[in-house]
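Numbered from 1 within each chain, the chains take letters A, B, ... in sequence-line order. Computed from heavy atoms alone, side chains included, the values below leave out hydrogens, waters and symmetry copies. Bear in mind that the values here come from a model prediction, so they are computed numbers and not experimental data.
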Number of protein chains: 2
Amino acid sequence: MKKFYSQFDFQSELLFEALTSEEKKLVYDTMEPLIIKKGSLLFYEEGIPTGIFQIKKGKAKKFKRGFSGTEQIFYIYTTGDVLGYHALFGEERYQDSCEALEDLEVNFIAKDVFFQLLLDIPALQRTFIKNIGHEFGVLANIIAVLAQKNLNARLAINLLILENRFQKHDNTSGIDLTREDLANIIGTSPESLGRSLKQFKDEGIIEIDKRVIFIKNEDLIFKLLNITGTENTP
Amino acid sequence: MKKFYSQFDFQSELLFEALTSEEKKLVYDTMEPLIIKKGSLLFYEEGIPTGIFQIKKGKAKKFKRGFSGTEQIFYIYTTGDVLGYHALFGEERYQDSCEALEDLEVNFIAKDVFFQLLLDIPALQRTFIKNIGHEFGVLANIIAVLAQKNLNARLAINLLILENRFQKHDNTSGIDLTREDLANIIGTSPESLGRSLKQFKDEGIIEIDKRVIFIKNEDLIFKLLNITGTENTP
DNA sequence: TCAAAAACATAACATTTGTTATGTTTTTAT
DNA sequence: ATAAAAACATAACAAATGTTATGTTTTTGA
């Protein structure tokens, strides 16, 4: 089941992990700490790239506005994730927006500094480009889910993905997102999302406290998805 | 409205266009012509990359199997398009599959030859990576459409996209795909697709000959989508 | 060219999802 | 701490989509 999660995970927390400790020091020394308030944008569609970010603490959503205005969230970044580098590899503008879902502590690497790092550390460019390739596959998988799965299945899949990500990165339990954001991830209205959540609650799959969702029975979810999750659950 | 189309187009037919005629010659001299039979794969998920392709004539579908087996098509390549390079920029395996929809004439550049070209032509690597960035945005837009639009809107958008692409590349009129493939692009069943096509036909938006779909009234489509297509239609 | 296979069109019914509406709970800002 | 605003839960009804079924047309391969 490890494969299940990696199919939907950018793995952008690993970008600096392959480096030697010496190289890592080089990278981390160039970082400037920043505080970004809940609701502020790290970057926005059509904006000019200034550098890359690594999240030290907190969550952020990456989204794009469809041409009729509504927000489509296609990724939630959490602690450790590196982001904002696509635009630097040749693009002029950002292709999407990124907003802090809570007060954020981030490390920033300015554009010029980042390019110097790429020159100083030969393995780095390859690692980043390789990851962009991986992320490409993740988006393709997200497309397959959105196009082929019904609401309950989309919700189930995204609950697994989100719990896994939050647990892995922030070591927190439970999924804490607004109903609107969650609906904008799985492609439905908050009302329909609410109905599915209620079903899951009634079936004992999840519990809800305030707005935080806790997965109570992972096996039931895998069953719902017809995945044999019992042999090798994450 | 040019922007509308480019939001959904990989623009991978332009990759060699920015080169000087001398550089172009260098590239085209390395190409080996191949014939690929309808139904054969140019490459497949998990396969080891061997090189890149440029389509001289014909159509191919790029798809991925969701983990419950069904095929999700996320791009249709046509004449002029270059493909298969993602996997070469750092990935070990292909992330998706590509199948000939009709007998295909392609030009092939072997992996090693391609890497040598990247060294010989400095601008080339940047162009390719820039395009991968652009393609990333295209996938995000596809996600937004699949998540937010109902069936008729998804069909309408994809009819526009496909007609535009076939016209531009192959200079053929009409959209000639199996109902199953078209359904696997827009994320529905062939039966539901048929119902929407019939509606469009009854409203005078399209005409169908055999299985080929012709757009008869583009304005009605833009109206359906609430896009002001009248001022500057493509 | 002809028979078999595949693809297509269409309809009826079932199910899922969207929408509108109302009241409650939680968060935010003063 | 409190009032106002935002977010949430839920239900009833409407609309969209999925599913099953049947007959026709088109394509394929011998």
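Atom-to-atom, CD1 of B/Ile175 to C1' of C/dC8 comes out at 17 Å; the value is rounded to the nearest Å. Rounded to an integer number of Å, the gap from CG of A/Leu146 to P of C/dT16 is 19 Å. B/Gln148 places its CD atom 12 Å from the P atom of C/dT19, with the value rounded to the nearest Å. Atom P of nucleotide D/dA9 and atom CG of A/Asp209 are separated by 11 Å, given to the nearest angstrom. Summarising the geometry, the separation between CG on A/Leu177 and P on C/dT26 is reported as 18 Å, rounded to the nearest angstrom. Here D/dT26 presents its P atom at 12 Å from CZ of B/Arg211, a figure rounded to the nearest Å. In this structure, B/Leu155 places its CG atom 14 Å from C1' of D/dA16, rounding to the nearest Å. Summarising the geometry, the separation between NZ on A/Lys210 and P on C/dT25 is reported as 13 Å, rounded to the nearest angstrom.
Taking the six-membered ring for Trp and thresholds of 30 and 60 degrees, B/Tyr28 and B/Phe16 have ring planes more than 60 degrees apart, a perpendicular arrangement.
If you check C/dA9, C/dG18, D/dT17 against the side chain of A/Leu151, the one that comes closest is C/dG18. Each of D/dA16, D/dC8, C/dC8 was ranked by its minimum atom distance to the side chain of B/Arg179; first place goes to C/dC8.
Salt bridge status for B/Glu46 with B/Arg93: absent, with no side-chain N to carboxylate O gap under 4.0 Å. Between A/Lys38 and A/Asp103 there is no salt bridge, since none of the side-chain N atoms of the basic residue sits less than 4.0 Å from a carboxylate O of the acidic one.
Not one N or O on the side chain of B/Ser192 forms a donor-acceptor pair closer than 3.5 Å with the backbone of B/Ser189.
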Which pairs would a plain distance check flag for residues 75-87 of chain B, meaning a side-chain donor or acceptor within less than 3.5 Å of a matching protein atom at least two apart in sequence or in another chain?
{"unit_1": "B/Tyr75", "atom_1": "OH", "unit_2": "B/Asp9", "atom_2": "OD1", "d": "3.3"}
{"unit_1": "B/Tyr75", "atom_1": "OH", "unit_2": "B/Phe10", "atom_2": "N", "d": "2.9"}
{"unit_1": "B/Tyr75", "atom_1": "OH", "unit_2": "B/Arg165", "atom_2": "NE", "d": "3.4"}
{"unit_1": "B/Tyr77", "atom_1": "OH", "unit_2": "B/Lys62", "atom_2": "NZ", "d": "3.3"}
{"unit_1": "B/Thr78", "atom_1": "OG1", "unit_2": "B/His169", "atom_2": "ND1", "d": "2.5"}
{"unit_1": "B/Thr79", "atom_1": "OG1", "unit_2": "B/Asp170", "atom_2": "OD1", "d": "2.1"}
{"unit_1": "B/Asp81", "atom_1": "OD1", "unit_2": "B/Ser12", "atom_2": "OG", "d": "3.3"}
{"unit_1": "B/Asp81", "atom_1": "OD2", "unit_2": "B/Thr78", "atom_2": "N", "d": "2.8"}
{"unit_1": "B/Tyr85", "atom_1": "OH", "unit_2": "B/Asn131", "atom_2": "ND2", "d": "3.3"}
{"unit_1": "B/Tyr85", "atom_1": "OH", "unit_2": "B/Glu135", "atom_2": "OE2", "d": "2.2"}
{"unit_1": "B/His86", "atom_1": "NE2", "unit_2": "B/Glu135", "atom_2": "OE1", "d": "2.9"}

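In this view, B/Glu203 and B/Gln199, B/Ile205 satisfy the side chain to side chain contact (heavy atoms under 4.5 Å, CB included) rule, not counting sequence neighbours.
A heavy atom closer than 4.0 Å to some atom of DNA chain C occurs in A/Thr188, A/Ser189, A/Glu191, A/Ser192, A/Arg195, these being the qualifying members of residues 187-208 of chain A.
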